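Bear in mind the structure is a predicted one, so any value in this text is a computation, not a measurement.
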Number of protein chains: 4
Amino acid sequence: MVKERKLTRAEQKAQRPLQILDAAFEEFVKNGYAATRVEDIAERVGVTKGTVYVYFETKELLFESMIRHVSRPFGEIATNAETLVGSPPEKLTALLRMVYEQLFDDRQTREVMRLVISEGPKFPDIVERHERDFVNPVIASVEAILAEGVGLGQFHPGPAGFAELMVAPIVTVTVMRLIFGDRREVDKEAYIKAHMELLLHGLHRSAVETA
Amino acid sequence: MVKERKLTRAEQKAQRPLQILDAAFEEFVKNGYAATRVEDIAERVGVTKGTVYVYFETKELLFESMIRHVSRPFGEIATNAETLVGSPPEKLTALLRMVYEQLFDDRQTREVMRLVISEGPKFPDIVERHERDFVNPVIASVEAILAEGVGLGQFHPGPAGFAELMVAPIVTVTVMRLIFGDRREVDKEAYIKAHMELLLHGLHRSAVETA
Amino acid sequence: MVKERKLTRAEQKAQRPLQILDAAFEEFVKNGYAATRVEDIAERVGVTKGTVYVYFETKELLFESMIRHVSRPFGEIATNAETLVGSPPEKLTALLRMVYEQLFDDRQTREVMRLVISEGPKFPDIVERHERDFVNPVIASVEAILAEGVGLGQFHPGPAGFAELMVAPIVTVTVMRLIFGDRREVDKEAYIKAHMELLLHGLHRSAVETA
Amino acid sequence: MVKERKLTRAEQKAQRPLQILDAAFEEFVKNGYAATRVEDIAERVGVTKGTVYVYFETKELLFESMIRHVSRPFGEIATNAETLVGSPPEKLTALLRMVYEQLFDDRQTREVMRLVISEGPKFPDIVERHERDFVNPVIASVEAILAEGVGLGQFHPGPAGFAELMVAPIVTVTVMRLIFGDRREVDKEAYIKAHMELLLHGLHRSAVETA
DNA sequence: CATGAATGAGCATTCATTCAT
DNA sequence: AATGAATGAATGCTCATTCAT
């Protein structure tokens, strides 16, 4: 309220599309594409249906714009991955922490994942975008570190062949959060610690023990 | 077509609900709950809209019945887990193979997972069922083996504290299959092998090497 | 239950149409023509929809048959009216008591009146029947007595010109019963007494007093 | 048509609900609640189905609104009754003339009576409203005059105990008009005159004669 | 006769979209 | 830009009616 006073008319108008996109995110996440009413999105912003159509031609385009809108931060991971320092295990640990933050902690990214799963068949574009902007960069970053580790003789080439395995615990805990919400809480730090131990040392005691 | 002649009225009638459930599965999977038309389900069976309502009172009940219908095989895993023999690593490997078959290979279970993710917020019942009939049994079976391994001094208590970590690669590859379909094919056997190696030995070479 | 044992198959079958008509009466009265489901009528008899169609071609014909069925006793009044004895006031009193019994006390006749009012526009036949079998005979009987009374110099020709006036209190209390059910109970005997006094003596005290 | 040009959007909009209510009255009267199609109401106004739903959430609410709409003038009788002057017989006569105008002459009120009779079981609210706004005020007004007449020694306490008896001829002729329409025309003035004579003097000649 | 599965026309209601103001 | 009245196509659901068994 106080802030809004500061905005000029012009600024406020410039905000409209963004407000609509944010409202659209909430509604589409709550109900899915088909079950969401344009009117509910408008209501959430405090405008009428017609206004939404001033900025977005159709509900489909609004949906796609919204996905693009909330997908913005995705690309950063790849960039940041390049700045990591330390040994491969250290870099891997650091990178995976970034993925936890991005995928598990960030509600928007998490819910985009739900929408990609549920609306993907109807909106191939968002699947492609998700692959290009999120999956591929993450996989590439992980692979780079794995390759380095293998090159240095620190990582086994076997499990290192599938970057997906490294991020799987993150994907899984995220999916469970999508499905069960708060009903199945996890001790995040303990989970991450166990995840890292598993990655680096495996379950087998003899292996580590003798090290 | 030829077969149909053989069916008596009574037989045909007994088939109807099953035919409708199967058709409903296909349509709900393709479009999601809201975007699926009862008429399309009927058409797929070769009957008219009204016939669907002879067997299912509402679209919602049809959806829930369909989920129950295709969720039948879930319980078996827990039962079979108890019959496993061998060392904990062997049993774990065998169990995870069963999960691969159930979750990754079986289209119905895979698609139920999609529906649980997308329609869960609207159908809390299917989330509960999925937790009770699938997630919990699998987790419990894995935990039993992990506990045994820890008890025998073969498994580290650290990573063994989270059964989710063991199945995470399966969940992840399944989710990716849901999202990307055939676009991102994986060499399943190589993936499973890497998965098992990772679980048992970890990435770290020194560990294994020195063993 | 016990009674039914006595019925032979044949007898029971002969009953079917009557049972259906009775059930139809209840349902049509409860919901009106349009809002009544043939299935509910069948259910009330303990048969299925199809059975109703064995005996009645359409819902409309069933409705009309039902009206005819429950309208049976109407004609009797006219017959009985002719057997009345006594002075015109005595005969009028006796006749009106018969109308009270027929119209106000008898649930079937009362409810037929409701149906004539509500479904008359759609079923002109039942209006005609009601006029011919009920209204006209009653009016004619009243008129005959009034004419006799006027002829004998006992009744004023003025009010005696409208037989409707004599039965109006009965019609009115019946309509109120249809509308208000038990919510507005009347002391029937007191009402009839007041009705008769009004008819014969009017409200005006001077008139009676000086008599 | 010509007029419409003159209406501004705003004016037209303000008219819409009223137009719809009027159209609804005609259709509901013609067919009853269940057999009336919202689309026919819309068509009568010259708009489409959807427009009706802009103003009325459901068919039921439209029906109830319509009843309220056409029941507006009911309350006036009670108010006007208080302004009557003259002797009790004069006041009674004047009051009953008002009831004739309201109930018998006014098509809307007459048809509301039909709807109360036919739809009352499904819409208890309209029965209550009819009782509160129409029946009770009329009865109360009549009773006040009767009480006054009895108090002045001009009316017999017997028949004066039931106000319903005084209005019964009006109710009856109205019901007959509902049922038979124009088929059974009455000489209204002669009927009213006979009605009044009956009320005040009764049928019995001796009574009046000797007065 | 009786059944009940199947039909299909019908209807209430919803909602994305348009457009005059 | 913003509104919101109006549209009309769509869709869930109902129910009178039919007919093979």
Side-chain angles (χ1 to χ4, degrees), chain A residues 9-10 12-14 16-17 34-42 45-62, chain B residues 8-10 12-17 34-42 45-62, chain C residues 9-10 12-14 16-17 34-42 45-62, chain D residues 8-10 12-17 34-42 45-62:
Chain A
R9 278 279 147 119
Q12 195 154 4
K13 282 187 179 172
R16 267 294 128 83
T36 291
R37 294 146 28 95
V38 172
E39 190 159 18
D40 286 341
I41 295 171
V45 180
V47 298
T48 61
K49 251 190 313 191
T51 305
V52 174
Y53 282 90
V54 169
Y55 297 96
F56 302 93
E57 281 187 55
T58 67
K59 189 184 168 187
E60 291 203 5
L61 287 172
L62 171 56
Chain B
T8 68
R9 274 278 138 143
Q12 181 134 16
K13 180 208 151 179
Q15 298 276 306
R16 267 295 123 82
T36 292
R37 292 149 24 95
V38 173
E39 194 160 16
D40 287 341
I41 295 172
V45 181
V47 298
T48 61
K49 235 183 340 183
T51 304
V52 174
Y53 283 93
V54 169
Y55 297 94
F56 302 92
E57 283 188 50
T58 64
K59 186 182 167 187
E60 290 204 6
L61 287 172
L62 171 56
Chain C
R9 277 280 145 118
Q12 194 154 6
K13 280 187 181 172
R16 266 295 127 81
T36 292
R37 292 145 32 94
V38 172
E39 190 160 17
D40 286 341
I41 295 171
V45 180
V47 297
T48 59
K49 251 189 313 190
T51 305
V52 174
Y53 283 89
V54 169
Y55 297 97
F56 303 92
E57 281 188 52
T58 65
K59 187 183 168 187
E60 290 202 5
L61 287 172
L62 171 55
Chain D
T8 66
R9 273 279 138 141
Q12 181 134 15
K13 180 207 150 179
Q15 299 275 308
R16 268 295 125 82
T36 291
R37 294 151 21 98
V38 172
E39 192 160 16
D40 287 341
I41 295 172
V45 180
V47 297
T48 61
K49 237 180 340 181
T51 304
V52 174
Y53 283 92
V54 170
Y55 297 96
F56 302 93
E57 283 188 50
T58 64
K59 188 182 165 186
E60 289 203 8
L61 287 172
L62 171 55

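Between the P atom of dA16(F) and the CG atom of Leu62(C) lies a distance of 11 Å, rounded to the nearest Å. Rounding to whole angstrom units, CD of residue Gln15(D) and P of dA6(F) are separated by 12 Å. Ile41(D) places its CD1 atom 14 Å from the C1' atom of dT13(E), with the value rounded to the nearest Å. Between the C1' atom of dA6(F) and the CD atom of Glu39(D) lies a distance of 15 Å, rounded to the nearest Å.
Distances from the side chain of Lys59(B) to the nucleotides dA6(E), dT7(F), dC13(F) place dC13(F) closest. With dA16(E), dT18(F), dA2(F) as the candidates, the nucleotide lying closest to the side chain of Tyr53(A) is dA16(E). Taking the side chain of Arg16(D) as heavy atoms from C-beta on, and the options dA6(F), dG8(F), dA1(F), the nearest nucleotide is dA6(F).
The line from CD1 of Ile41(D) to OG1 of Thr51(D) is 13.0 Å long, rounded to the nearest 0.5 Å. Here the OH atom belonging to Tyr55(B) is positioned 13.0 Å from the CG atom belonging to Leu62(B), to the nearest 0.5 angstrom. From Glu39(B), atom CD reaches atom OG1 of Thr48(B) across 8.5 Å, with rounding to the nearest 0.5 Å.
Looking only at side-chain heavy atoms (C-beta outward), Val38(B) and Phe56(B) stay at 4.5 Å or farther from each other. Counting only heavy atoms from C-beta outward, the side chains of Val45(D) and Arg16(D) approach each other to under 4.5 Å. A 4.5 Å side-chain heavy-atom check between Val47(B) and Val54(B) finds every atom pair outside the cut-off.
Within 4.0 Å of Phe56(B), counting heavy atoms only, lies no atom of the nucleic acid at all.
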Base-pair map of DNA chain F as dot-bracket, where | denotes pairing with a different strand and pairs are Watson-Crick or G-U under 3.5 Å: .||||||||||||||||||||
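Comparing Val47(D) and Thr58(B), the nucleotide of DNA chain F nearest to each residue sits closer to the 5' end for Val47(D). Taking the nucleotide of DNA chain E with the nearest heavy atom to each of Arg37(D) and Arg37(A), the more 5' of the two is matched to Arg37(D). In this structure, Thr48(C) and Ala35(A) both approach DNA chain E, and ranking their closest nucleotides by distance from the 5' end singles out Thr48(C).
The heavy-atom pair separating Lys49(D) from Ala42(D) by the smallest distance is N-CB, 3.7 Å.
Judged by distance alone, with hydrogens and angles left aside, Lys49(D) brings no side-chain donor or acceptor close enough to the base of dG10(E) to form a pair under 3.5 Å.
Phosphate proximity of dA5(E) to Thr51(B): absent, as no side-chain N or O sits under 4.0 Å from OP1 or OP2.
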